[in-house]
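Structure first, then comments.
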There are 2 protein chains.
Amino acid sequence: MTVKSSLRDRRRLQTSREIQRAALTLALRHGHDSVTTEAIAAEAGISQRTFFNYYLNKDAAIIGNAPSFDDDTVARFRESSGPLLADLLQALRRLLSNSDLDRSTSQLIDRLLVRSPDLLPIFYGSLKRLRDQIADLAVMRLGEDARADAELLAEAISHALADTFRIWANDDGMSADSIVDIAAAKLQVLRGLLTPGVQPIPAASTVRPDTQAMTSTAAAPIRP
Amino acid sequence: MTVKSSLRDRRRLQTSREIQRAALTLALRHGHDSVTTEAIAAEAGISQRTFFNYYLNKDAAIIGNAPSFDDDTVARFRESSGPLLADLLQALRRLLSNSDLDRSTSQLIDRLLVRSPDLLPIFYGSLKRLRDQIADLAVMRLGEDARADAELLAEAISHALADTFRIWANDDGMSADSIVDIAAAKLQVLRGLLTPGVQPIPAASTVRPDTQAMTSTAAAPIRP
DNA sequence: GCACATGAATGCATAGTGTGCAATATTTGC
DNA sequence: GCAAATATTGCACACTATGCATTCATGTGC
């Protein structure tokens, strides 16, 4: 149960990646709708039946398996007493450093998302598992009564993370470590947008404010 | 193009609702997975082929068609110069007052979501159209460069709205007008959770802060 | 009224999805 | 090596979803 077999598991991981690669290349070449599970299986060198042993459906094969928190990370979070958001982000940092991200595969995913925007909901939806885990962590702090709030927070965090993931996939100079930081910055932009009374039309001069200023950093000043 | 036919359109709307009702009752009675499109069609008194003329798939029939902004509302938003969030909420208020919500159907949806939580992603996903429209409105203010931020904001707003919608469905005393207000309050809770350094461990006494205080209202005080 | 265009409902055929089951092959623990 | 556990595969089958042709209802112009 702890350190399970080896050859078997390595094989399993490898074929699951081969299937994903086959699904991605075929979808990019012929369009997502025109690719059948049979074609993916053939490309990956397995039977169609085996395809469904690895992935529940075609979309899951394209997106691949999102990572999830390990028990150690959860334990650390539980014991920490820092600010909620900071602790959540720290847990995500650990998550990302554990999972070895494959930039080339991520690039393929990103390109496919550009080509077939109908897949975007599926892409964000693929983070359901991670989103639920984040919500569970938040509930530990906020209490079960606040589950709806925790889920809303988790949704925002995972969305920001997914966006940043796509940026990372296309920026070779960007380290995986910085993914969480950029996502955190995006969340601060969101916080600014949620601040009531913001977007002040400057009394001074031009009507159109510098849009960059809205997005580049956290929030406009708050009127108490 | 303005006030189109009548008998035809009323019929169309009616059968589309009959189909939804059939889908919901059958799913609640026998479980979502056990219900076939053929059974839904039979229950609604139409052929299976006609079912697919009304809804793209089984899930769409269950959730029904989400409302979307009319041109007038969009125009008003464009001309307004208030704070972004306030204007978006105002547009949503108009949206909800135009669309006649059916509480009994909403109740069925909510009960089904409790019984089959696997439908939750589909439920939130069904707001894609509305979410995209909200994002488009936000982009008008923030500029095309900030589309990602606008979409993140739109996601949060539509999520909060969907949650509130479920509350409204189960609270006969709650008016449809207040949906947007409650959702706005939820967004302020989110803003509080996104505020860095929050969840202050009170220097005074016990380690465990009152969790209610975190969720009941907007945000903890901010340290500038 | 009547003829015609338009849109809706249906049956049929068909491609593709996804699952259960049983047979077979492979890996692992011993 | 050998037996147990696990993976792969083929096959059958139920269901989803779409295209196409036909029939029927509805709305429109004259």
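Only heavy atoms go into these numbers, but all of them, side chains included; no hydrogens, no water, no symmetry mates. Order of the sequence lines fixes the chain letters, A, B, ..., with proteins taken first and strands second; residue numbering starts at 1 for each chain.
Base contact: B:N53 has a heavy atom under 4.0 Å from a base atom. When heavy atoms are screened at a 4.0 angstrom cut-off, A:T37 is found touching the sugar-phosphate backbone but no base atom.
Rounding to whole angstrom units, CG of residue A:D33 and C1' of D:dA17 are separated by 12 Å. Atom NZ of B:K58 is separated from atom C1' of C:dG18 by 12 Å (rounded to the nearest Å). Distance CZ (B:R10) to P (D:dA25): 18 Å, rounded to an integer number of Å. In this structure, the CZ atom of A:R12 is 17 Å from the P atom of C:dT26, given to the nearest Å. What separates CG of A:D9 from P of D:dT6 is a distance of 11 Å, to the nearest Å. Straight-line distance from the CD atom of B:E38 to the P atom of C:dT10: 13 Å, rounded to whole Å. When the C1' atom of D:dT16 is taken as reference, atom CG of B:D59 falls 11 Å away, rounded to whole Å. Nucleotide D:dC13 holds its P atom 16 Å from the CD atom of A:Q48, rounded to whole Å.
No side-chain donor-acceptor contact under 3.5 Å links B:R17 and B:Q20.
Under 4.0 angstrom from either OP1 or OP2 of C:dT10 there lies at least one side-chain N or O belonging to B:T50. Distances shorter than 4.0 Å separate none of the side-chain N or O atoms of B:R11 from OP1 or OP2 on D:dA25. Residue B:Y54 has a polar side-chain atom (N or O) positioned under 4.0 Å from OP1 or OP2 of C:dA9.
For B:Y124, the ring-ring contact (aromatic ring centres under 6.0 Å, His included) criterion is met by B:H159, not counting sequence neighbours.
A salt bridge links A:D181 with A:R93: the distance from a Lys NZ or Arg NE/NH1/NH2 to an Asp or Glu carboxylate oxygen falls below 4.0 Å.
Side-chain proximity of B:S47 to C:dT10, D:dT8, D:dT16: nearest is C:dT10. When distances run from any side-chain atom of A:R49 to the nucleotides D:dT18, C:dT19, C:dT10, the shortest one goes to C:dT19.
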### Query
Given A:R21 and A:E18, is the salt bridge (charged side-chain N to carboxylate O under 4.0 Å, His left out) satisfied, shown in steps?
CA-CA 5 Å; A:R21 212 150 241 290; A:E18 266 171 31; over 6 Å; no
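Nearer to the 5' terminus of DNA chain C, by closest-nucleotide assignment, is the contact made by B:F51 (compared with the other of B:F51 and A:L56).
Annotation: side chain of B:T164 is in contact with side chain of B:M174 (closest heavy-atom distance under 4.5 Å).
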